[in-house]
Colleague: 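Take a look at this one; I'll ask things after.
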Amino acid sequence: MKVLVTGGAGFIGSAVIRALLSGRIARVVNLDKLTYAATPEAIEHWAEDAGYAFEQIDICDGPALRAAFADHRPDAVMHLAAESHVDRSIDDAGDFIQTNVVGTYRLLETATAYWRELEGEAAARFRFHHISTDEVYGALGAEGHFTEETPYQPNSPYSASKAASDHLVRAWNRTYGLPAVTSNCSNNYGPYQFPEKLIPLMIINALEEKPLPVYGKGENVRDWLHVEDHARALVTVLTEGRIGETYNVGGDSEERNIDVVGRICDLVDELRPRADGTSRRDLITFVADRPGHDLRYAVDSSKLRAALGWKPRETFESGLKSTVAWYLEHEAWWRGILERRYKGERLGLANPKKAG
Ligand code: NAD
Ligand code: TYD
């Protein structure tokens, strides 16, 4: 099998590529624009592998997409390319609409035209797997979980753009018969996550003894899943998921942000004690809340677990510990990003003029 992975130089896409190649599950064509968020180092090891090819392409570029499909003739598409950071979508939604909505439309058009030309077994085998987020369902109160039947109620420009892309994929399946499947996953963490996201930002700031900015009161809850468990779930959905279905993916690991940050402080203290022996918890700083901040996400992934037999291998405790250790060991990687692409500044405080 040959899989065309969009966004394969990103945090999750690169974990998917590592899973596909190291498990000898498929050959891979990585189609990625290489935006600020790309981390090609995460697949460096596979760059010269006979089963790996790379195309630097913007998914909004229809002719380039058509050429890539014609050249590589994939058996499946895993679509992960996206603008992925909520705070950036608050500052400027333009790239989110372009890539997540228009880009998904272009990719669907290209994949559908390509699939229609396939014959017999090749046509029957073809799959389009759209990778999305639980944030499309909106926010939960203290109780309940998102199921595949929960109505869409996105609250951020990011989640609205992902919701739009999910609807496009559904429509291309129902209207044109494109053999598509969608998965909606909770918050991921693990190696090579860009340091604008909560967990890597807090690890790095804690290490550098800088303030740890917790939005609001830190009571917002996220359901954390290790990126390699997500990658395994995605391979399972691609190879065994039913066409036209959606699958929720989650870690059953709900944590309040303040507790996540506290745990990170303790783990960094354990591995790199401060000179004066005090706890890094005293770096925690409560800052202005994110506009439209969803209170709680929690995913019911029983459909995926029961129908396809997936379950996570990491607990949040084991996964967070190895992730903190990974960031400590890969300082050169994140220092390069801090020097050139993102300095850890606060993002997403909606400009009140723009927001009206
Ligand atoms: P990321 O920001 O780390 O990586 C995105 C990748 O897409 C980058 O390599 C970037 O260069 C590429 N890209 C962006 N725009 C592109 C374009 N126009 N054309 C081609 N490539 C482009 O994102 P991630 O965290 O790895 O997320 C991957 C997917 O999973 C996204 O669709 C996201 O919505 C979804 N998701 C993420 C999470 C999470 O916790 N990170 C959870 C659930 C779902
Ligand atoms: P994030 O990693 O941006 O993921 P998402 O917004 O997609 O859930 O943020 C995770 C949670 O952490 C979210 O509730 C916002 C919060 N947060 C902070 O409190 N401080 C920070 O500096 C960041 C980046 C996030």
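Owing to the predicted nature of the structure, the values given are computational and were not obtained by experimental measurement. Every number for a ligand or one of its atoms is a count from 1 in the order of the listing. Both backbone and side-chain heavy atoms feed into the values below; hydrogens, waters and symmetry mates do not.
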Colleague: Quiz question: by atom type and distance under 3.5 Å, do the side chains of Glu41 and His330 form a donor-acceptor pair?
Modeller: no
Colleague: Show me which atoms of ligand 1 lie under 4.0 Å from any heavy atom of Cys185.
Modeller: 42 (C), 43 (C)
Colleague: What's the shortest distance from atom 27 (O) of ligand 1 to any protein heavy atom, and which residue and atom give it?
Modeller: Ile12 CD1, 3.7 Å
Colleague: For atom 10 (C) of ligand 2, what's the nearest protein heavy atom and its distance?
Modeller: Leu198 CB, 3.8 Å
Colleague: What protein heavy atom lies closest to atom 10 (C) of ligand 1? Include the residue and the distance to one decimal.
Modeller: Thr35 OG1, 3.3 Å
Colleague: When only distance counts, is Ile59 in polar contact with ligand 1, meaning an N/O pair under 3.5 Å?
Modeller: yes
Colleague: On a heavy-atom basis, which atom in Val227 and which in Pro191 lie closest, and how many Å separate them?
Modeller: CG1-CD, 4.2 Å
Colleague: Quick one: nearest non-hydrogen protein atom to atom 6 (O) of ligand 2, plus distance?
Modeller: Arg290 NH1, 2.5 Å
Colleague: Side chain, backbone, both or neither: which part of Gln98 comes within less than 4.0 Å of ligand 1 when only heavy atoms are counted?
Modeller: neither
Colleague: Could you list which atoms of ligand 1 come closer than 4.0 Å to a heavy atom of Ala38?
Modeller: 9 (O), 11 (O)
Colleague: Need the ligand 2 atom indices (1-based, order shown) with element for anything under 4.0 Å from a heavy-atom of Glu135.
Modeller: 5 (P), 7 (O), 8 (O)
Colleague: Can you tell me which residue and heavy atom of the protein come closest to atom 20 (N) of ligand 2, and the distance to 0.1 Å?
Modeller: Pro213 O, 2.8 Å
Colleague: Who gets closest to atom 31 (C) of ligand 1 by heavy atom: Leu80, Leu198, Val249, Ile199?
Modeller: Leu80
Colleague: Indicate, as side chain, backbone, both or neither, the part of Asp95 found under 4.0 angstrom from ligand 1 when only non-hydrogen atoms are considered.
Modeller: neither
Colleague: In terms of atom number and element, which parts of ligand 2 are under 4.0 angstrom from non-hydrogen atoms of Lys197?
Modeller: 2 (O)
Colleague: Mind checking whether Trp224 and Phe316 have parallel, tilted or perpendicular rings, split at 30° and 60°?
Modeller: parallel
Colleague: Below 4.0 angstrom from a heavy atom of Glu196, which ligand 2 atoms are there? Numbered from 1 as shown, please.
Modeller: 24 (C)
Colleague: Report yes if Glu83 has an N/O atom closer than 3.5 Å to an N/O atom of ligand 1; otherwise report no.
Modeller: no
Colleague: Nearest protein heavy atom to atom 4 (O) of ligand 1, by residue and atom, and its distance?
Modeller: Gly10 CA, 3.3 Å
Colleague: Does Glu208 pair with Lys210 as a salt bridge, N-O distance under 4.0 Å?
Modeller: yes
Colleague: Given Asn257, Val260, Asn187, identify the one with the heavy atom nearest to atom 16 (C) of ligand 2.
Modeller: Asn257
Colleague: Within a 6.0 Å radius of atom NZ on Lys321, are there more than 12 heavy atoms belonging to other residues, nucleotides or ligands?
Modeller: no
Colleague: Taking 4.0 angstrom as the limit and counting only heavy atoms of Leu34, give me the atoms of ligand 1 inside it, by number and element.
Modeller: 11 (O)
Colleague: Enumerate the atoms of ligand 2 whose separation from the nearest heavy atom of Val214 is less than 4.0 angstrom.
Modeller: 19 (O)
Colleague: Would you say Ile57 contacts ligand 1, with heavy atoms under 4.0 Å as the rule?
Modeller: yes
Colleague: Check whether any heavy atom of Tyr158 sits under 4.0 Å from an atom of ligand 1.
Modeller: yes
Colleague: Would you mind running through ligand 1 and noting each atom that sits below 4.0 Å from a heavy atom of Ser84?
Modeller: 1 (P), 2 (O), 23 (O)
Colleague: Pairs of nitrogen or oxygen atoms closer than 3.5 Å, one from Thr133 and one from ligand 1: do any exist?
Modeller: no
Colleague: Using heavy-atom distances, let me know which of Ile131, Leu65, Asn30, Asn187 sits nearest atom 35 (C) of ligand 1.
Modeller: Ile131
Colleague: Write out the residue and atom name of the closest protein heavy atom to atom 5 (C) of ligand 1, then the distance separating them to 0.1 Å.
Modeller: Ala82 O, 3.5 Å
Colleague: Near His85, which atoms of ligand 2 are under 4.0 Å from a heavy atom of that residue?
Modeller: 3 (O)
Colleague: Under 4.0 Å from a heavy atom of Asp58: give me the atoms of ligand 1 that qualify, with their elements.
Modeller: 17 (C), 18 (N), 19 (N)
Colleague: Could you verify whether a donor N or O on one side chain and an acceptor N or O on the other, from His79 and Thr6, lie under 3.5 Å apart?
Modeller: yes
Colleague: Mark the output for Ser186 as yes if a heavy-atom distance to ligand 1 is under 4.0 Å, and as no if none is.
Modeller: yes
Colleague: Do Asp269 and Arg280 sit within salt-bridge range, that is, some charged N less than 4.0 Å from a carboxylate O?
Modeller: yes
Colleague: Please compare Phe194, Tyr215, Phe286 and report which has the shortest non-hydrogen distance to atom 19 (O) of ligand 2.
Modeller: Tyr215
Colleague: Hey, does Ser132 sit under 4.0 Å from ligand 1 if you only count heavy atoms?
Modeller: yes
Colleague: For atom 25 (O) of ligand 1, what's the nearest protein heavy-atom neighbour? Residue, atom name and distance, please.
Modeller: Phe11 CD2, 3.7 Å
Colleague: Show me which atoms of ligand 1 lie under 4.0 Å from any heavy atom of Ala37.
Modeller: 2 (O)
Colleague: Using a strict 4.0 Å cut-off to heavy atoms of His293, name the atoms of ligand 2 that fall inside it.
Modeller: 13 (C), 14 (O), 15 (C)
Colleague: Within ligand 2, which atoms have a heavy atom of Leu201 less than 4.0 Å away?
Modeller: 22 (O)
Colleague: For Asp134 and Phe146, which heavy atoms make the closest approach, and how far apart are they?
Modeller: O-CE1, 3.7 Å
Colleague: Does an N or O from Thr39, backbone or side chain, lie closer than 3.5 Å to an N or O of ligand 1?
Modeller: no
Colleague: Out of all atoms in ligand 2, which are within 4.0 Å of some heavy atom of Met202? Include the element for each.
Modeller: 20 (N), 21 (C), 22 (O)
